[in-house]
Amino acid sequence: MQVTRPLRTTAPAALLTATALLALSACGTSEADTTGADGFGSGSGKTVEVRIPDPGNSGVLALGKKDGSLDKALGEVGAKVKWTGSAGPFAPAAQAMNADQLDIATGSITSGITSLAQRPGFKFFTAVDPDAAGEGILVRDGSGIESVTDLIGRKVAVNQGGTGEYLLLKALAKAKIPAEKVERVYLRPDQTAAVLNAGQVDAWAVWATYAVAEIGSGKAHFVADGAAIGSENYSLNAVRTGFAEQHPEIVRALYDYLHEASAREKKDPAAYLNVFTDVGPTAVTGKAKEVQTEFTAQGGTVDPIGPEDIARFEAVAAFYAEQKVTKEKVDVAAHLLDVEKLT
């Protein structure tokens, strides 16, 4: 099933790939970032460090790290990357930005909304269309679950307040199934595969980062993917508010880099897999590699946030409030940047 979306009014860039659990508790404010806070930028002769979670073994940022192209691009505006922690769920990344321990992070609009409901110290500056192929409700082959309706009375693993909970609630709403008819089991995504495979939950609402390995194993499949669910779960890039205010030219340069690199990734996804190693736990091999390549080729691209995106963000925020995931509707528009106006 394919979803037809309105054409954007801006040019595309690329999807960032996240591959591991975020581990940011040991991160601290860098000396260069303190220097940056004093106003040094591209014309000062000082280098500003941009703290970004390490991208792991795949994706645009991984290749940019390996070949030095990202630092070269940022060097033109007096900046360089300081890789810190590792890419993963957005909630802890948001906390790290709020604590001035991180400058850039990638997450979904769903986890972004729950983070915005707290005391946000970040703003979103790019949007990637929902992943119609790579996210959905995952079930084990032979589970007897053949439709969303078959989830009634079952246990479904979700990450609380994030993509998983959104996908499940959205799927149930579309099928006109009351949410209380399905038991939500709140689990961290890095812990869920073992629980699913042990039969302790019946399904898993999940996205490509974790779904690829399960589908690639030949033992699981989506009973409903993002397209079937009608997902509006955008992927977003966020920047620490203070950093954006001090260094808008660096944020713009980062976007420009992603814009150009991602077009190449979409055309040749395999070139962005196994960037540092093709063996070990971070490598994507066999059928899983085929699955990831297909998802990336069908996936969205990073763009500036346009009016059509904002309308959908607000719709997700309203849905979260209706489903009582948040206490009230979060004002997403108040936390967005127009990256095309940053110089």
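Bear in mind that the values here come from a model prediction, so they are computed numbers and not experimental data.
- Using modelled atom types, one finds no donor on one side chain facing an acceptor on the other under 3.5 Å when comparing T163 with E135.
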Requested in this report: Assess whether salt bridge (Lys or Arg N to Asp or Glu O under 4.0 Å) is satisfied between R252 and D256, documenting all intermediate values.
Outcome: CA-CA 6 Å; R252 176 58 189 263; D256 287 342; 3.0 Å; yes
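- At a cut-off of 3.5 Å, with distance as the only test, a side-chain donor of E165 or Y186 sits close to an acceptor on the other residue.
- Between the K266 side chain and the A297 main chain, a donor and an acceptor come within less than 3.5 Å of each other.
- Inter-residue side-chain proximity for P89 and P189 is flagged as met; some heavy-atom pair is nearer than 4.5 Å.
- Classified by interplanar angle (parallel below 30°, tilted 30° to 60°, perpendicular above 60°), the ring pair Y234/F313 is perpendicular.
- Counting heavy atoms from C-beta on, the side chains of M97 and F90 come closer than 4.5 Å.
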May I have the list of side-chain donor-acceptor pairs in residues 66-73 shorter than 3.5 Å, sequence neighbours left out?
from : atom 1 : to   : atom 2 : distance (Å)
K66  : NZ     : V275 : O      : 2.8
D67  : OD1    : S69  : N      : 2.8
D67  : OD1    : S69  : OG     : 2.6
S69  : OG     : Y257 : OH     : 2.6
D71  : OD1    : V81  : N      : 2.7

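- Within the 4.5 Å cutoff, the side chain of I305 has no heavy atoms near those of the F125 side chain.
- In this structure a side-chain-to-backbone donor-acceptor pair under 3.5 Å is present from R51 to D100.
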Give the table of side-chain donor-acceptor pairs shorter than 3.5 Å for residues 315-330, with sequence neighbours excluded, one pair per line with atom names and distance.
from : atom 1 : to   : atom 2 : distance (Å)
Y320 : OH     : G161 : O      : 3.2
Y320 : OH     : G162 : O      : 2.9
T326 : OG1    : E328 : O      : 3.0
K329 : NZ     : E314 : OE1    : 2.4

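- E214 is linked by a side chain to side chain donor-acceptor pair (under 3.5 Å) to N197, counting only residues two or more places apart in sequence or in another chain.
- The side-chain heavy atoms of V195 and L187, taken from C-beta on, include a pair separated by under 4.5 Å.
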